[in-house]
Structures are given as C-alpha cells and as structure tokens.
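Naming: A, B, ... by sequence-line order, numbering from 1 per chain.
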Amino acid sequence: MTDTVQLKRWRRPPMIKRTWLRALVWVGVPLYVVLSLGSMEVNWARVIDGLPRAKEFILSFSSPDFTTRWNDIYEGIYESLVMAFASTVVGILISVPIGLGAAKNLAPTPVYLVCRGIIALSRALQEIIVAILMVAIFGFGPFAGFLTLAFATIGFFAKLLAERIEDVSKSQSEAIRATGASWSQWVLYGIHPQVFPRFIGLSMYRLDINFRESAVLGIVGAGGIGATLNTAFDRYEFDTAAAIILIIIALVLMAEYTSSWLRVKVQ
Amino acid sequence: MLELEKLSKAYTSGDYALKDVSFTIEKGQVVALIGPSGAGKSTLIRCINRLVDPTSGTASLNGKNITAMPTRKLRQVRRQMGMIFQDYALVERLTVMENILSGRLGYVGFWRSLFRKFGPEAENDAFGLLEKVGLPGYEDKRADALSGGQRQRVGIARALIQNPSLLLVDEPTASLDPKTARQVMRLIQDLCHERNLAAIINIHDVALAQQFVERVIGLKAGQVAYDGPPEGLTPEVLTEIYGEEDWSATVRKDGDEGASEAETPEAYAVEKE
Amino acid sequence: MAVKFLSDDTKKWQRHDLKTSLMIWSGWLAGLVLFVLCWQIISEATTWFFVFDAPRIAEDIFTRAMPPRWEYINELWEPLWDTFNIATIGTGIAILFGVPMAFLTANNTTPSRYIIRPICMVFIVASRSINSLIWALLTVAILGPGVLAGVVAISLRSIGFFAKLIYEAIEEIDTTPVEAIRATGASPLQVMAYAVWPQVKAIFVGVAVFRWDVNIRHSTVLGLVGAGGIGLQLSSSLNTLAWPQVSLIILAILLTVIFSEAISARIRAHIMNK
C-alpha cells in the first residue's frame, strides 16, 4: 500500500467547447501560417538593399524638408482640406434623408430597402476603387476626389445615423407623438434632440476620416496631397515625404482635439 | 506576530491618514477595526501589506520588518497575508478555480501561472477549500455568474489558499445582505479558529463586530482611540470614536445571546445555502 | 435656455440667450462661407466640359466593361490568396506588437510614464494618422515591390489602431481585482496576466476581428502602389484599359469584402453574446 493520497486535479476548461472545432484550430492555424509564409516570395537581396533606405527615412524625420517642394506641398494640402470639407458637407446633407429613410422605425419598407441598398453599396466599394472610376469618368482633379469622399460619407453617415435613430428612447418620442404632433414635428422634437449631439460628433469624425482618405486619393489622380507624396517616395526624396507626413499627422491631431472640444461643447 | 510601531501615512498635502498607530496582534487573534469612514481603516490594512506605502513607522510580521523590504522579498511576505475585499475583487471573467488558484501566484513563476500550472497540491487544496466555503462543484463557473455571498466565499478561498498566517479583511460584509453578512463573518471566524489565523477585520457594523471578535481597535482620524475587548464598547467610547448619537440599540447588553458558544459549526451548517 | 423678463412682468421663454444664439448662427454662417469657398476652389480646378460629358463616358465605360471576362478569374486566385494573406499575417504581426505596446502606453500599466509612454504615444499617433496605402508607398520604396511590403504596410497601420483601442480599455479596467492580485504576492507580470488581461480580452478579440475585416478591404488596393495582392491585377488591367477584366476584379473584390464582413460580424456577435 502506498501512503500517497489521491490528489484531486483540475484542468482549465477549454476555450472552444466543440472538440472538432478545437482540433481544426490547432491544426489549421499553424498549417495556414506555414502555407501563407511559404507562398510569400521575398527578394531578400532587395530587402537588404532597402535597409539603409529605411534608416535614411527614419532619420529624415529629424530634418524634414518643407522648402524644396513647398509649392507642391502647400497646394496638395490645401486641396486635400478643401476636398475633405466640401465632401463632408455634401455627403452629410445627402446622408440625412437617406439615414431617415434607412431607420426602421421611421420609414415605410420600400423606402427602407432602397436606402439600405445605397448604404450597402457605398460601404462595400473601396474609396480608392471609387476614385479610380470617378477619375475615369470625370477626369483628373479634385472634383473626382470630392465625389468619391461624398459617396463614401453617405455609407458611413447614413448607416450610423439610422442606427442611432433606431435606438432613440421610445418613451420620449412617443410622448411627443401623443401631443398630436405631425410627422415632421415628431422628427424635429422627438428624434432630433436625442440624435443631435451624436450627429455633431460623427460629422467631426467623418471630416477627420475624409481628410486622411483625401491624402491617398492623389495616388490615383483624384486630387490632394497624395500625388506629391507619391512622387516624393518614387524619387526617394524622404526629407520631403517626412515633411508631408508630419503635416498630415499635425492636421489629424488638430482635427481630433477640435472634435473632442466641440463634442464637449454640444453635450 | 504582527507588530505595528508608530505607523503613519501622510498625504502630500500634509494631512495624515494614519498617525503613530501602534499595536501588536498575537497568533490566532481576531481583531475588528472600527471607526467612521475616512478614519484610515482601509489605509491601515493596505499599509500592512504595502499596497500603500506608509510614510514612517514600521510594520513587522514574525519579526521581519515589512516596511523596509525590497519588492522581491515583499512578494514572499504578501503570500503570508491573505486579503479579503469589500467588493470581492474577483477577476470576473475568470473561472472560480482560476480565481482561487490566483492566491498561489506568489508561489509560482510567470510562465507556470500563465498556463495555469499551479501544481497538484494547490489544485487539491483548492477543491478542499471550495468544499469548505460551501461551493463544491462550482470550479468551472465564471465568477461573474455568482451571487454576492458566493463571490465573497471565493474571495475567502483565494485568501486561504495562500496559506497565510494573517488575514487582512476589508469590509467583508458591506456589500452583502444581513443574513449573508453573518454567514460570511462566521465563516471567517471558523476558519481563523481552525487554522489558528490572526485576522484584522475592517468593519462598519459595530454590533456584528462585537459578536464575532475577541478584540476591537477603534480608529479616529488616523489614530487609535480604543483598544480592548468588545464588551468595553460603551456608549461613551462609541461617542468618542464616531461622535454623538443614540447608541443604546448598538451596545451589546450582558447576557445577550450572540456569545461565541452559540456559533458552533452546526449552527453554521444549518444556515449554509 | 433662458427666461427673459419683459416690462409687463410676464416671462418670455427663449431657447438660447442672445449671446449663445449669436454664436450658433455665426458658426453656421462661417461654415456656409467656408463651403462656398471650397466649392469655388474645386470648381476652378475642374474642367466642366468633362463633367457634363460624364454620362456619355460612364455609359461608354460600362458597355466596354460588360460582360466581365469570366475566364480571367483563373488568373485571380493567386492574387486573392495573397490579398487574404497580406491582411491576415499583417493583422497577426500588428497584434504581436500592438498589444505589448498598449500595456507600455496605458497610464496604469506603463513602466515609465515620462519616457516610454510618450514614445509609444508618438508612434501610435503616426501609425494611425497615415493610411495603409501611404505606408505601402514607404514599404515598397524600402523593401521593394511584393507581398512583404503589403504585410508590413498593413501591420504598420494596424499597430497604432490596436495599441490605442487596447490601451484605452486597459485604462478603464476595474482596479479592485488588480489590487487583490497584487495582495497575493503576484509579480507585476502576473498581475497583468491575471487581473488586467482577462478584463480586456473580450475587447481585444472584437477589435482584432474588426481590424482584420478592415485590413482585407485595404489589402485589395495595396497592389496599386506595388505592394502585392489583387490590386496589382487591377492596376495593370487599368493601364491596358482592359475594362472587362477591371469589372471582374472589382466584382471579386466586392465579394471578398462582403465575405470578410460577414465573418467578422458573426464572430463579433458571438463574442457579444458570451
């Protein structure tokens, strides 16, 4: 006889309860990593060539060159800001009726379906791809970029607006309806006050997104700073690229601070 | 066993949370710490295990000075002091068993703890404690699926699996209903007797404290205002600690029930959920 | 809201007092003026002849692009696989770097509030402000064209995203379990693993799945600047004006995006219900 007592052991319950799924994850994930890394062709000689350039790029942030291409940078940033602002305004103006139409508790079913369809289309199509089409149709320049961003804004804004309207407090909006208000009065008094602060916040947020997006549209010819940035990288002018990136970062930060300040004000 | 010597905690503003607190607690002694909110009760027990660093004075456990200890050694001393919290302080998204075993963290290295390998003895102990606190079979439930009383029992098990010689108990009953509060207090008392554990229990409820402890320390504005047996808590003393109020309903009268003879394990077993 | 006392002692209610109303109206006016200015600038840079001609051009492109060149799909499988890999491996690498960075950044877990935290903050801001396509311009310039440049670009953009959302989650955790775990004698790393991580794990999974979905979208166009994936085919088809191929590629991208969004939505709904 042994004098050891049988100790009661404990094992952590598995995170995935279904055995087959667990096995699949254990086998599948490593297999995928091996396969995907294996199919990745890397030209190591080229990578090693590039390392000094990486160093150069990082160092260029200590000496960003704003002056050499200042005119290009200035015009690009200017155009980006203009596109971002104009497209946000127009995008939101179009989004409001679509957002109202896409709210289940406001709109009749056919309207609801059409509006949801527009939103889905706008969300599924990448900005860059839309920009390519817009450039093909409307020609190079900020107008194509403006249309792209306005279109993207609709998908974003109308969807969130509709969702916000769908979960407004029932009791508040019913109370307004009970006073005998018309549909438009109901929207104005029962829905609008509950949605407005979020509305301002979202507008600022979208302006910020549109600015960031406008910085890449130039790569496909749709106006903005992207074209200048693309050229700078193509010519390995990292000092200029660093300057542009610093400006973008500064503007994005400014937009974030302004929007949080404004949201506090509106609340 | 635990010795506090002129322990003080000052804030940067210059106000004192604790001022020259000195007392000694013997092995196996259960002490209630009473006093109004803001008197420094929580700060005091946190100064003992150095969750809060005292400004001056010393606390020593079994002759070892805790206050001057470097962080590495501090881990070993903290193992000897189990702490129980007012709001249970369980990690809600972990299972009951993981919460209990987390009491052994001071004994194992990082990688072992990451893979939940606390050793067979610890696991066996944990099952024993689950039984002890009346939650057998709950090991794989998530902590956020438990009621308040059940959570506090898990919290007690977590403190006990550390194999402590001292329990630091911070308002164990403040978030519980009166019945569960009594059960929890009785459980703590039983476990202390059984394992010969010393305990410092911060408690608001003076009547409850009187019922379960053998010694009461009253704090007022960071200083010891009373130190003695629960019977000594006269209306005058309570007024001294808490301020003017009608204490007649609170003070335990002689010959009242509630004497510790009544608190037998059977009584506890009956009340157990 | 303000109440104005009139001379006859009746109270007149106004929604805003005069100063606030003025500010609000001047705000709207400034916005309007700004918009008109912006519009003029865009208008000047636009050849309106092309715009008026747009319906005809659009119709022209559409008839050229339809029907898609279906047999071209056989040349798309490999780029699609690359696209998927860029997004997935890129997300994986971003997690490996982003999560530790979140712990280094969060106020309550950072080892050094005055040195490490600000450095991480700068990196997070830079990473987030710059679109993955711009990161790709950089990685292509440094690493040469190919899938690797895409993976690195996606990770560079996502690290900041992960780090920001997770460090915010860490800063909002409940501190009582942290105290309790510290009181058991746990080391700082054990406190992270037992008290902090369980509280942010669910948020982390949601964020990771969400970002993977976004990254799939982004990786479909990285090829435009040479960073691998189906965007390469899109770019070359556009350059040769092979519109039937373009339409097929856009269709393939659309389906991929819808597919990844469906997966991500399902996983996130599953986590929510837990």
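Using a 4.5 Å cut-off between heavy atoms, Ile142(C) contacts chain A through both its backbone and its side chain. Of the two parts of Ile61(C), only the side chain, counted from C-beta on, holds a non-hydrogen atom closer than 4.5 Å to a non-hydrogen atom of chain A. Residue contact with chain A, scored on non-hydrogen atoms closer than 4.5 Å, involves the backbone and the side chain of Leu137(C) alike. At a 4.5 Å heavy-atom cutoff, the contact between Phe143(A) and chain C is made by backbone and side-chain atoms alike. Contacts of Thr220(C) with chain A are made by side-chain atoms alone, with heavy-atom separations under 4.5 Å and no backbone atom involved. For chain A, no part of Val246(C) is nearby; none of its heavy atoms comes within less than 4.5 Å. Only the side chain of Tyr78(A) comes within less than 4.5 Å of a heavy atom of chain C; its backbone N, CA, C and O stay farther away. Residue contact with chain A, scored on non-hydrogen atoms closer than 4.5 Å, involves the side chain of Leu238(C) exclusively. Contact of Phe146(A) with chain C is made through the side chain alone, with heavy-atom distances under 4.5 Å. Only the side chain of Ile250(C) comes within contact range of chain A, judged by heavy atoms closer than 4.5 Å. The contact between Leu34(C) and chain A is made by backbone and side chain atoms together, counting heavy-atom distances below 4.5 Å. For Ile132(A), the part lying near chain C is the side chain, with the backbone staying farther off; criterion is any non-hydrogen pair under 4.5 Å. When heavy atoms are compared at a cutoff of 4.5 Å, Leu138(C) approaches chain A by way of both its backbone and its side chain. For a residue to count as touching a neighbouring chain, one of its non-hydrogen atoms must lie under 4.5 Å from one of that chain's; by this rule Ile128(A) touches chain C with the side chain only. Looking at Val225(C), the atoms closer than 4.5 Å to chain A (heavy atoms on both sides) all sit in the side chain, from C-beta outward. Both the backbone and the side chain of Val82(A) come within less than 4.5 Å of a heavy atom in chain C.
Among Ile57(C), Val257(C), Ile134(C), the residue with the largest count of heavy-atom pairs under 4.5 Å with chain A is Ile134(C). Among Asp82(C), Val140(C), Ile258(C), Thr88(C), the residue with the largest count of heavy-atom pairs under 4.5 Å with chain A is Thr88(C). The candidate with the highest count of non-hydrogen atom pairs below 4.5 Å against chain C, out of Val33(A), Val47(A), Ile48(A), Leu51(A), is Val47(A).
Ser260(C) and Trp212(C) form no side-chain donor-acceptor contact under 3.5 Å, judged by distance and modelled atom types alone. Using a 3.5 Å distance cut-off with no hydrogens or angles, the side chains of Ser264(C) and Arg268(C) do pair a donor with an acceptor.
For Trp243(C) and Phe62(C), the ring centers sit 6.0 Å or farther from each other. Phe84(C) and Tyr32(A) have their aromatic ring centers within a separation under 6.0 angstrom.
The side-chain tip of Arg123(A) does not point at the ring of Phe156(A) from less than 6.0 angstrom away and within 45° of straight on. Taking the ring axis of Phe157(A) as reference, the NZ or CZ atom of Arg206(A) does not stay both within 45° of it and closer than 6.0 Å to the ring centre.
For the side-chain hydrogen bond (donor to acceptor under 3.5 Å, both in side chains) with Asn131(C), the lone residue among Arg212(A), Glu127(A), Glu213(A) that qualifies is Glu213(A). Of the options Ile89(C), Thr139(C), Leu143(C), Leu222(C), a side chain to side chain contact (heavy atoms under 4.5 Å, CB included) to Val151(C) is made by Ile89(C) and by none of the others.
Proximity of Phe238(A) to Phe233(A): side-chain heavy atoms (C-beta onward) are separated by under 4.5 Å at one or more points. Considering only heavy atoms from C-beta on, Arg128(C) comes within 4.5 Å of Lys164(C) through its side chain.
Taking 4.0 Å as the cut-off between side-chain N and carboxylate O, Arg56(C) and Asp60(C) do not count as a salt-bridged pair. A salt bridge is absent between Glu75(A) and Arg69(A); no separation between the charged side-chain nitrogens and carboxylate oxygens falls under 4.0 Å.
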